[in-house]
Amino acid sequence: MEHLIELKDIYKIYPMGEETVHALDGVNITIDQGEFVAIVGSSGSGKSTAMNIIGCLDVPTSGTYHLGGVDVSTMEDDQQADIRNKMLGFIFQQYNLIPKLSVLENVELPLLYAGVPADQRRERAIRSLERVGLADKKKNLPSQLSGGQQQRVSIARALAGDPSVILADEPTGALDSKTGREVLGFLKKLNREGDTVVLITHDNSIAVKADRIIRLQDGKVIYDGDAHDPRAVVQPDAADEEVEAV
Ligand SMILES: Nc1ncnc2c1ncn2[C@@H]1O[C@H](COP(=O)(O)OP(=O)(O)OP(=O)(O)O)[C@@H](O)[C@H]1O
Ligand SMILES: [Mg+2]
């Protein structure tokens with residue numbers, strides 16, 4: 001069966017003076033339609049680099065990336081932008097809402113870029129605001145909403161284009177823990193309704209809400225499996241220390 005996301009032997013190498021940094025060092029990941037996956041790892045482990053490649057915001061130094069069966073690893077910028085508009089919905093730690101536009105206009109914006117006609121834009125934007133329970137705030141400005149509500153608007157914006165994959169990079173990073181749990185609850189709900197969600201976080205308590213965890217360390221995958229397996233959340237060196245302590 002064809003995977004929705006298939007990263008094969010992906011390297012991302014940055015020259016740093018005489019040295020090189022292997023931000024991704026031979027990564028193999030497959031993700032299927034309907035999965036809820038958390039990519040975790042400590043700072044500098046390669047999470048954002050992986051997200052940028054999966055999100056067609058960057059290309060690998062080597063290796064191949066198939067998204068929906070299409071090789072996107074060697075695409076030019078304009079082709080990548082087209083794939084992004086059609087297949088990917090992004091949620092960021094900073095909601096990136098435009099302060100002068102209403103909630104509804106913010107959600108419509110990616111549809112405008114994708115060339116969707118005005119009447120359809122409005123209809124789809126309202127539908128995705130309904131999915132996050134914020135249709136009644138459509139005329140508000142972002143500044144008139146709470147942080148959690150603003151993040152829900154950004155989720156609605158990600159959904160409006162009916163993406164194949166929702167990519168969320170530290171979506172709860174700017175929220176208090178209660179609001180963060182609510183936002184996560186929304187991502188879980190979307191996943192139950194059939195959306196594929198890839199969540200990036202350094203927070204284990206967030207990651208365990210996913211079904212599957214992929215842990216990166218120094219640009220390599222060091223765990224890939226059930227989110228509820230204890231090995232999913234324990235760093236190997238921390239586990240060694242625990243064993244030694246016993
Ligand atoms: N443009 C760049 N030039 C050089 N090195 C880079 C560049 N971008 C990232 N790196 C390096 O690649 C490695 C992985 O970075 P990345 O941003 O993917 O980490 P991360 O897991 O997202 O970390 P954080 O949790 O702090 O956001 C780091 O060592 C980083 O310094
Ligand atoms: Mg990062």
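Atoms within a ligand are numbered from 1 in the order they appear, just like the ligands themselves.
For Glu170, no heavy-atom contact with ligand 1 is shorter than 4.0 Å. Residue contacts with ligand 1, taken as heavy atom pairs separated by less than 4.0 Å, do not involve Ala50 at all.
Considering both main-chain and side-chain atoms, His202 never comes within under 3.5 Å of ligand 1 through any nitrogen or oxygen pair. An N or O contact shorter than 3.5 Å is missing between Val21 and ligand 1 by distance. Checked by distance only, ligand 1 and Gly44 come closer than 3.5 Å through their nitrogen or oxygen atoms.
In this structure, His3 and Gln33 have side chains that are not in contact, with every pair of non-hydrogen atoms separated by 4.5 Å or more. Residues Leu112 and Val116 have side chains not in contact (no heavy-atom distance under 4.5 Å, counting atoms from C-beta outward). The closest side-chain heavy-atom distance from Gln151 to Leu175 is below 4.5 Å.
Side-chain contact check for Asp176 and Thr179: at least one donor-acceptor pair (N or O, by modelled atom type) lies under 3.5 Å. No hydrogens or angles considered: nothing links the side chains of Thr201 and Asp203 as a donor-acceptor pair under 3.5 Å.
Taking every non-hydrogen atom of Thr49 and a distance limit under 4.0 Å, the qualifying atoms of ligand 1 come out as 14 (C), 15 (O), 16 (P), 18 (O). Interface atoms of ligand 1 facing Ser42, defined by a heavy-atom separation under 4.0 Å, are 21 (O). For ligand 1, the atoms lying closer than 4.0 Å to a non-hydrogen atom of Met16 are 4 (C).
Taking hydrophobic clusters as Ile, Leu, Val, Met, Phe, Trp and Tyr residues chained together by side-chain heavy-atom distances below 4.5 Å, Leu24 does not share a cluster with Tyr223. Residues Leu145 and Ile126 share a hydrophobic cluster, clusters being chains of Ile/Leu/Val/Met/Phe/Trp/Tyr side chains in contact below 4.5 Å.
Nearest protein neighbour of atom 25 (O) of ligand 1, counting heavy atoms only, is Lys47 NZ, 2.7 Å. Looking only at heavy atoms of the protein, atom 12 (O) of ligand 1 is closest to Ala23 CB, 3.2 Å. Looking at atom 27 (O) of ligand 1, its nearest protein heavy atom turns out to be Ser48 OG, 4.0 Å. For atom 6 (C) of ligand 1, the closest heavy atom belonging to the protein is Tyr14 CD1, 3.3 Å. At the top of the distance list for atom 26 (O) of ligand 1, counting protein heavy atoms only, stands Ser43 OG, 2.6 Å.
Considering every non-hydrogen atom in both Leu101 and Leu141, the closest pair reads O-CD2, 3.7 Å. The shortest heavy-atom contact between Pro142 and Pro99 is CD-O, 3.7 Å.
Using a 4.0 Å threshold on non-hydrogen atoms, atom 2 (C) of ligand 1 counts as touching the protein. Taking a distance limit of 4.0 Å, we find that atom 17 (O) of ligand 1 is approached by some protein heavy atom.
Enclosure of atom NZ in Lys138 is not indicated, since only 12 or fewer non-hydrogen atoms of other residues, nucleotides or ligands lie within 6.0 angstrom. When the shell of 6.0 Å around CG of Asp218 is examined, it contains 12 or fewer heavy atoms from other residues, nucleotides or ligands.
Within the protein, the N, O or S atoms lying under 2.8 Å from the Mg ion (ligand 2) are Ser48 OG.
With respect to Asp195 and Arg131, a salt bridge is recorded, a charged nitrogen being found less than 4.0 Å from a carboxylate O. By the 4.0 Å N-to-carboxylate-O rule, Arg124 lies too far from Asp162 to be salt-bridged with it. Ionic pairing of Arg212 and Asp224 is present here: one or more N-O contacts between side-chain nitrogen and carboxylate oxygen are shorter than 4.0 angstrom.
Assignment of Pro15 to the shell around ligand 1 is not supported, since no heavy atom sits closer than 4.0 Å. For Ser45, the heavy-atom gap to ligand 1 drops under 4.0 angstrom.
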